Amino acid sequence: MGRFGCHQQGVHAAARDDQPGVAMTQTAVQTEPAPHTNAAAAAGLHRIVVIGGGAAGLELVTRLGETLGRRKRAHIALVERGRTHLWKPLLHAVAAGSIDRAQHELNYLAQAHWHGFTYRYGEMIGLDRASKHVRLAATFDEEGRQITPERWVDYDTLVIAIGSVTNDFGTPGARQHAVPLETPEQATRFNRRLVNACLRANTQEEPVRPGQLHVAIIGAGATGTELAAELHRTVRAVVAYGLDRINPERDIRIVLIEAAPRILPALPERIADATRKLLKELNVEVMEGARVSEVRADGVVLANGDFLPAELVVWSAGVKAPDLLHDLDGLESNRLNQLVVLPTLQTTRDPEIFAIGDCAACPRPGSPNPVPPRAQAAHQEASHLLRQFQRRLEGKPLEPFVYRDFGSLVSLGKYSTVGSLMGGLLGPSVFIEGYFARMVYRMLYKMHQAALHGTGAVAWRSLAGGSGQRPEPSVKLH
Ligand SMILES: Cc1cc2nc3c(=O)[nH]c(=O)nc-3n(C[C@H](O)[C@H](O)[C@H](O)COP(=O)(O)OP(=O)(O)OC[C@H]3O[C@@H](n4cnc5c(N)ncnc54)[C@H](O)[C@@H]3O)c2cc1C
């Protein structure tokens, strides 16, 4: 493994970058003017390009920018198709309306300016490993005017961190009628549908129809379960703002459907038992061992032929890596499209390309399954890669990544938090719930924020939290 510094490819690529507008391949894609890349190449800086600014990628570029970028030891760039970042585990709360997404979003352009990296707006649609460049799609505004052209971005080291997408396993109607929770836009769309459904039901002449205010959540993993509990509270809160023709106990029905024999199949049974008990108290219907065979505009059909009417359907039953990775210029991928990586997080067929987060299949010693697609894994992999890139600069070999499972927590909105903590002083696995569990749950988000803003800023915000807030509804109403 070569260290950073001089780079044959960079000189070659920079020569092309000096000729903006020159067609580089048969596909006649324009070369990006890329002033930063040119400057980086001219200065002989090694170019690290990270694709995807999520839980893993944004932490990595921020900290690389702060260290290597600011000190002019490497040029750091982030390619991201979005304009703002929202930590994905908040999506169910956005969907339920219990948080305002704007208060948690981070602007990529500003983050890049503050932390010493370059932000390139666009979606990666291809890769040329031989010439070491990534192809970005053109971008357009709402009126269809082009913002950025289709272009290439050159790299010396590439990190792919493009996360995961919902896996609907090809279930008929799922794509058309169920809302997945992958992006802030989808979560906002679901929330708008929910509030609209309540407004419609409250204004119509006729009584609420069966299924009209029913929500079917397909998949009772952590996301679906957390959403069910959040929704129970927020729908009632919306109704309490004066929608007096709706009777929540009579009209609102939330059904959680799981194909596996029990909810939270990936978590210890004790967590599932505690969660099931609480959901029952909330009158959330739990269907275990029930497989959905079709999603329709007016509800879901189960494999046993039963039909559940539901105006709102959420799909949260599994994830896979984006199809783009299935055959990305010959890189090895598994059946879930994840890029197969070595313990060093390098892809198996190209040592200059790394993959982290949900889109990487990283081996886990002693386990047949790779590192799970979780925020804590994304955080640990980003931290590991930061240290490894620093080691490379010093000419040291890469060390293997070892995932540490700190346990799993399920937040049941304001009602409770349950989970288990693993390892450390607490022994192999300790069941926790209530206030302590909620504090630990919040720690994961605080760790992410600390990686993006620094520990001091996060501590200050936590202390200042609650003061000087303007009056706001406790749920999102628009
Ligand atoms: C509702 C929900 C709740 C969750 N709750 C928890 C939890 O409580 N605890 C936990 O540990 N994990 C949780 N997870 C899982 C966790 O969010 C993910 O494991 C984590 O976000 C993965 O990080 P990542 O960086 O790999 O991907 P992401 O955070 O998804 O980031 C990927 C980024 O890549 C960008 N991108 C995608 N494709 C392209 C492209 N072609 N070109 C450019 N950019 C691209 C996306 O816009 C995005 O910004 C939850 C997930 C969801 C959906």
Side-chain angles (χ1 to χ4, degrees), residues 49-61 77-96 105-106 108 119-127 134-137 139 153 159-167 179-187 190 217 219 221-227 230 264 266-267 314-319 321-325 328 337-339 355-362 371-382 385 403 405-412 417 419 437 440-445 447-448 451:
V49 175
V50 178
I51 315 287
L58 189 56
E59 288 191 15
L60 180 63
V61 279
L78 169 70
V79 170
E80 166 60 53
R81 63 180 179 189
R83 306 282 189 96
T84 54
H85 163 73
L86 183 77
W87 196 56
K88 234 175 157 182
L90 297 178
L91 287 183
H92 70 277
V94 174
E105 270 173 329
L106 182 60
Y108 285 117
Y119 162 56
R120 297 191 187 290
Y121 173 52
E123 178 171 358
M124 168 176 163
I125 51 169
L127 170 69
V134 171
R135 186 174 175 179
L136 307 194
T139 61
V153 170
V159 182
I160 300 180
I162 62 174
S164 54
V165 294
T166 303
N167 191 353
V179 181
L181 288 186
E182 273 159 34
T183 65
E185 291 70 32
Q186 287 163 346
F190 176 81
I217 301 170
T223 301
T225 307
E226 291 182 346
L227 177 66
E230 286 280 358
L264 300 170
L267 302 188
V314 179
W315 190 279
S316 63
V319 293
D323 289 343
L324 168 73
L325 302 184
L328 189 63
N337 297 335
Q338 290 173 305
L339 293 175
I356 55 174
D358 286 5
C359 73
C362 177
V371 171
R374 294 218 192 127
Q376 56 171 306
H379 172 76
Q380 289 176 34
E381 287 171 352
L385 218 48
Y403 173 62
D405 187 350
F406 289 103
S408 306
L409 291 160
V410 181
S411 165
L412 300 166
T417 301
V440 179
Y441 184 85
R442 285 188 187 158
M443 277 300 294
L444 192 58
Y445 186 35
M447 278 159 62
H448 178 62

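Keep in mind the model is a prediction, meaning the values are calculated, not measured. Sequential numbering from 1 along the given sequence is applied to the chain's residues. Order of listing sets the numbers, starting from 1, for every ligand and every atom in it.
- Closest to atom 2 (C) of ligand 1, if we only count protein heavy atoms, is Thr223 OG1, 3.4 Å.
- The closest approach between a heavy atom of Pro373 and any atom of ligand 1 is below 4.0 Å.
- With a 4.0 Å cut-off on non-hydrogen atoms, Ala378 touches ligand 1 through its side chain and not its backbone.
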- Message: Working note: Glu381 + Val371, criterion side chain to side chain contact (heavy atoms under 4.5 Å, CB included); need CA distance, chi angles, decisive distance, verdict.
- Response: CA-CA 10 Å; Glu381 287 171 352; Val371 171; 3.9 Å; yes
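- Partners of Glu105 under the side-chain hydrogen bond (donor to acceptor under 3.5 Å, both in side chains) rule, at least two apart in sequence or in another chain, are Thr84, Arg101.
- Ligand 1 has an N or O atom lying under 3.5 Å from an N or O atom of Ala55, backbone or side chain.
- For ligand 1, the polar-atom distance check finds no N/O of Leu181 at less than 3.5 Å from any of the ligand's N/O atoms.
- Under the rule for a side-chain hydrogen bond (donor to acceptor under 3.5 Å, both in side chains), the partners of Arg83 that lie at least two apart in sequence or sit in another chain are Tyr121.
- For ligand 1, the polar-atom distance check finds no N/O of Gly357 at less than 3.5 Å from any of the ligand's N/O atoms.
- With atom 25 (O) of ligand 1 as the reference point, the heavy atom nearest to it among Gly221, Ala56, Gly53, Ala161 is part of Ala56.
- Of the possible donor and acceptor atoms, none in the side chain of Tyr108 sits under 3.5 Å from a partner among the backbone N and O of Tyr119.
- The shortest N/O to N/O separation between Ser164 and ligand 1 does not fall below 3.5 Å.
- Not a single N or O atom of His92, backbone or side chain, sits closer than 3.5 Å to an N or O atom of ligand 1.
- Under 4.0 angstrom from ligand 1, there are no non-hydrogen atoms of Phe406.
- When side chains are defined from C-beta on, Leu325 does not count as touching Gln338, because their heavy atoms never get closer than 4.5 Å.
- Considering both main-chain and side-chain atoms, Glu226 never comes within under 3.5 Å of ligand 1 through any nitrogen or oxygen pair.
- In this structure, Leu385 CG and Leu60 CG are separated by 5.5 Å, a value rounded to the nearest 0.5 Å.
- Between Met124 and ligand 1, at least one pair of N/O atoms sits closer than 3.5 Å.
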